[in-house]
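Working notes, structure below.
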Amino acid sequence: MNVSEQLFERAQKVMPGGVNSPVRAFGAVGGAPRFIRSAQGARIVDEDGRTYIDFIGSWGPMILGHGDPVVREAVEQAVREGLSFGAATRREVEMAELICSAVKPVEMARMVNSGTEAVMSALRLARGFTGRDKLIKFAGCYHGHCDSMLVKAGSGALTNGAPDSAGVTRGAAQDTLLAEYNDLGSVETLLEQHSGQVAAIIVEPVGANMGVVPPAEGFLPGLRRLCDKHGALLIFDEVITGFRLSFGGAAEYFGVEPDLVCYGKIIGGGMPVGAYGGRRDVMSCVSPLGAVYQAGTLSGNPVAMAAGLANLTQLRERPEIYGHLNSLGERLAQGLRQALPGCAVNQIGSLVCPFFSSGPVTDYASARQSDVGRYAAYFRHMLDQGIYLAPAQFEAMFVSFAHTAEDIDQTIQAAAAAPRQA
Ligand SMILES: *Cc1c(COP(=O)(O)O)cnc(C)c1O
């Protein structure tokens, strides 16, 4: 047994599935997960000393690559000054200013500790602001693990939600309505059926948790129009796309103005951070200004703020970063299209995903057509070749600023030698 296997055996005795987040257990691809010891640039090293080109990047936060010297320096400085005070600090002000400078609709922001918390709080705020109960979400969009969002499409996609997880009460799920991604008609039907009751539509402006599914032309502007018509708020869950598609995230990239935006991942630079923000009149309903309660002992934590500020400041001040990310994303997608004939490779900016189906993949149903057995075989082959991909089909490949054209080409070469059968 190698070290990862030994650790996995110990882990399974004391942690459910041996992990602290399910996908890490390698359940969808088989085998023992690699336990990661360290990382630098585009490479991670496991406990057995094997090095991999990393396309997870901690699921997005490491957009500059691992061990960025500016981020590390900022964190070390913050640690010397104190880990947590439970009081207002300068870095929180700077962070909120930076987030508000990124995109016009965000006029005020509140820091929290995870993407889940950001979404949960934004939904409560939308309900408090509108005085309405119902929410529309899209099949295949992931918004963290808060109860009301653990709902997927059942047999009838346009019916009231049924919980997707044990332990979620029918009550928590019944106000969640499910629409189909890239299908404005499905949204309009729900808004008409539940006229005057929908507080918000929440959407990943690029679906990045069912593989990668970009919005069709007109989809996001259509959601904006429908929200205006029906008095619902539009919430962009930019936990992945924020500061990745561009500095102003998907809102800027697609030129659509949401009322509220949820952030996470990149804004913490690898530390546990989330944030939600948006229109001043809406955000003014959050306590202590307004009646919507939301709080956090460690919210705005100085070490986390230092990491996030260093990440975001570099993204703002070094415009070459997005050019590099986007061109490598395209290079990777084009290469994979040749290396994996018969696959549908979706890409937008630095988010890439090969689906093992003939495609096109435009929503949850078409994403589910992918042959997950073939993905698993591809994953294991790539891992053997020193390429660390997401251990599940329905995730993105994250390209970072630390990847080079050579890393991308090495990845494409490895893919070309992948088995053609599951
Ligand atoms: C990761 C993710 C979340 C949840 O964030 P956590 O920090 O894992 O709680 C929410 N929404 C989207 C789009 C995500 O990708």
Side-chain angles (χ1 to χ4, degrees), residues 21-23 27-28 59 114-128 130 132-211 213 215 219-220 223 226-227 230 232-241 258 260-262 264 274 276 361-369 392-395:
S21 199
V23 74
W59 306 99
S114 69
T116 296
E117 225 189 300
V119 166
M120 185 183 85
S121 309
L123 295 174
R124 181 185 305 138
L125 174 58
R127 284 167 158 164
T130 59
R132 299 171 173 190
D133 290 347
K134 296 204 181 291
L135 306 165
I136 294 179
K137 84 173 280 286
F138 294 90
C141 281
Y142 179 68
H143 301 293
H145 66 88
C146 76
D147 283 0
S148 66
M149 293 289 102
L150 287 179
V151 177
K152 67 172 178 186
S155 50
L158 303 182
T159 56
N160 281 0
D164 203 14
S165 160
V168 175
T169 63
R170 201 168 289 131
Q174 74 184 4
D175 286 325
T176 304
L177 309 170
L178 272 160
E180 294 303 326
Y181 199 79
N182 280 331
D183 179 356
L184 287 175
S186 71
V187 181
E188 195 156 21
T189 305
L190 290 174
L191 286 166
E192 279 162 9
Q193 278 173 357
H194 303 273
S195 179
Q197 299 175 63
V198 175
I201 298 176
I202 183 165
V203 66
E204 284 185 78
V206 171
N209 285 286
M210 49 176 152
V213 179
F219 178 59
L220 298 174
L223 293 181
L226 286 172
C227 280
H230 292 270
L233 297 185
L234 180 59
I235 305 176
F236 274 9
D237 180 348
E238 296 227 36
V239 171
I240 282 181
T241 51
L260 291 173
V261 184
C262 301
Y276 63 105
V361 178
T362 58
D363 59 11
Y364 185 59
S366 46
R368 292 295 297 263
Q369 294 301 308
Q393 166 72 84
F394 304 108
E395 308 285 356

Inset, instruction - Over all heavy atoms of both residues, which pair between Val261 and Pro258 is shortest? Give the atoms and the distance, please. - result: CG2-CG, 3.6 Å
Inset, instruction - Return yes if a side-chain donor-acceptor contact under 3.5 Å exists between Gln369 and Ser366, otherwise no. - result: no
Inset, instruction - Would you confirm whether the ring centroid of Tyr364 sits within less than 6.0 angstrom of the ring centroid of Phe138? - result: no
Legend entry - Side-chain heavy-atom pair Val151, Leu178 within 4.5 angstrom cut-off: yes
Legend entry - Glu192 CD to Leu226 CG distance, which is reported to the nearest 0.5 Å: 8.5 Å
Legend entry - Leu191 side chain reached by Ile201 side chain, heavy atoms, under 4.5 Å: yes
Inset, instruction - Rounded to the nearest 0.5 Å, what's the gap from OG1 on Thr176 to NZ on Lys137? Could you check? - result: 8.0 Å
Inset, instruction - Please report the C-alpha distance between His230 and Val198 in whole Å, then the side-chain angles of each, then the deciding distance to 0.1 Å, and finally whether the side chain to side chain contact (heavy atoms under 4.5 Å, CB included) criterion is met. - result: CA-CA 8 Å; His230 292 270; Val198 175; over 6 Å; no
Legend entry - Ile202 vs Met149 side-chain heavy atoms within contact, under 4.5 Å: yes
Inset, instruction - Answer whether the closest heavy-atom distance between the side chains of Trp59 and Val23 falls below 4.5 Å. - result: yes
Legend entry - Donor-acceptor pair, side chain of Thr169 and main chain of Ala172, under 3.5 angstrom: yes
Legend entry - Within-4.5 Å side-chain heavy-atom neighbours: Glu204 and Asn209: yes
Legend entry - Arg368 side chain reached by Phe394 side chain, heavy atoms, under 4.5 Å: yes
Legend entry - Heavy-atom side-chain proximity of Leu220 to Phe236 below 4.5 angstrom: yes
Legend entry - Residue pair Val361 / Val213, side-chain heavy-atom distance below 4.5 Å: yes
